[in-house]
Amino acid sequence: MLVKPATFELCKEVGLEIKSKPSQSFLAKLLRDLWKLQVYAYSSTKNGVGNWRDYVAYINGEAQNDARDEEFQTYESAMEYGLRKALLKLKASIDAERKRLSE
């Protein structure tokens with residue numbers, strides 16, 4: 001699944017020189033390989049008929065949302081959230097470094 005337009009814009013803001021919207025898996029690989037940000041989604045709850053539900057996004061092993069909130073019903077939506085959160089953290093780090101260097 002390709003990332004959403006807002007996520008693609010964040011890619012550009014952190015300096016990823018990619019020409020078109022990447023897939024979620026490709027972006028996750030870039031974040032892992034370039035910045036050691038491990039982004040993944042996982043479901044640890046099941047509904048009454050044994051199907052997985054309520055996905056949680058993780059960055060470097062740290063949950064970014066709570067499965068009890070039932071915020072993400074699909075792997076793809078949780079993964080998109082995790083990728084955006086990772087890009088926002090990266091952007092904040094880059095912005096802070098730029099500010100530090102300009103002082």
Side-chain angles (χ1 to χ4, degrees):
M1 170 178 241
L2 297 179
V3 298
K4 294 186 178 188
T7 304
F8 182 51
E9 288 304 314
L10 277 172
C11 290
K12 295 176 193 175
E13 290 179 31
V14 300
L16 284 175
E17 295 180 10
I18 46 182
K19 305 256 186 257
S20 60
K21 291 190 297 184
S23 67
Q24 290 179 338
S25 61
F26 182 75
L27 180 54
K29 182 178 179 352
L30 283 178
L31 291 171
R32 182 176 60 248
D33 292 350
L34 297 175
W35 291 291
K36 302 206 182 322
L37 290 170
Q38 177 85 22
V39 180
Y40 59 96
Y42 178 76
S43 178
S44 60
T45 60
K46 288 188 176 186
N47 63 14
V49 293
N51 296 324
W52 293 102
R53 65 180 184 97
D54 305 333
Y55 287 83
V56 177
Y58 292 87
I59 300 173
N60 293 341
E62 182 180 322
Q64 302 299 305
N65 63 299
D66 189 338
R68 293 174 292 178
D69 295 339
E70 298 185 11
E71 186 172 3
F72 303 113
Q73 298 297 304
T74 66
Y75 169 87
E76 292 81 6
S77 61
M79 191 65 178
E80 185 79 20
Y81 179 76
L83 291 167
R84 283 185 52 76
K85 290 276 288 196
L87 288 166
L88 287 168
K89 287 181 180 199
L90 182 58
K91 184 179 180 310
S93 176
I94 290 169
D95 290 347
E97 183 65 12
R98 284 181 182 153
K99 182 178 179 183
R100 186 186 69 77
L101 292 172
S102 70
E103 293 176 346

Could you state the interatomic distance from [atom1] ([X]) to [atom2] ([Y]), rounded to the nearest 0.5 Å?
| X | Y | atom1 | atom2 | value |
| --- | --- | --- | --- | --- |
| K91 | K12 | NZ | NZ | 14.5 Å |
| C11 | R84 | SG | CZ | 10.0 Å |
| S93 | W35 | OG | CH2 | 10.5 Å |
| Q73 | S43 | CD | OG | 9.0 Å |

Practice task
For K4, look at atom NZ and say whether over 12 heavy atoms of other residues, nucleotides or ligands are found less than 6.0 Å away.
Solution key: no

Practice task
Please check if atom CD in E103 has more than 12 non-hydrogen atoms from other residues, nucleotides or ligands closer than 6.0 Å.
Solution key: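 Yes, the 6.0 Å shell around CD holds more than 12 heavy atoms from other groups.
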
Measure the shortest side-chain to side-chain distance between [X] and [Y] over non-hydrogen atoms and say whether it is less than 4.5 angstrom.
| X | Y | result |
| --- | --- | --- |
| Q64 | K89 | yes |
| V3 | P22 | yes |
| N60 | E62 | no |
| L16 | L34 | yes |
| Y42 | Y55 | no |
| F72 | V56 | no |
| R32 | L37 | no |

Answer with yes or no whether the hydrophobic clustering places [X] together with [Y]; edges join I, L, V, M, F, W, Y residues whose side-chain heavy atoms lie under 4.5 Å apart.
| X | Y | answer |
| --- | --- | --- |
| L88 | M79 | yes |
| L31 | I94 | yes |
| L2 | Y75 | no |
| L10 | I18 | yes |

Exercise for the section: Search all heavy atoms of A41 against all heavy atoms of A78 and return the closest pair with its distance. Expected result: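 Of all heavy-atom pairs spanning A41 and A78, the closest is CB-CB, 3.8 Å.
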
Handout entry: Heavy-atom closest contact (L83 atom, V39 atom, distance)
Key =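 In this case the closest contact between L83 and V39 is N-CG1, 3.7 Å.
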
Problem - Geometric class of the Y40/Y58 ring pair [parallel <30°, tilted 30-60°, perpendicular >60°] - result: parallel

Handout entry: Note: D95-K99 ion pair, threshold 4.0 Å (strictly below)
Key = no

Problem - Distance-only polar pair, side chains of Q24 and E80, donor-acceptor under 3.5 Å - result: yes

Exercise for the section: Kindly indicate, with the supporting measurements, whether the criterion side chain to side chain contact (heavy atoms under 4.5 Å, CB included) is fulfilled by I59 and Q38. Expected result: CA-CA 5 Å; I59 300 173; Q38 177 85 22; over 6 Å; no

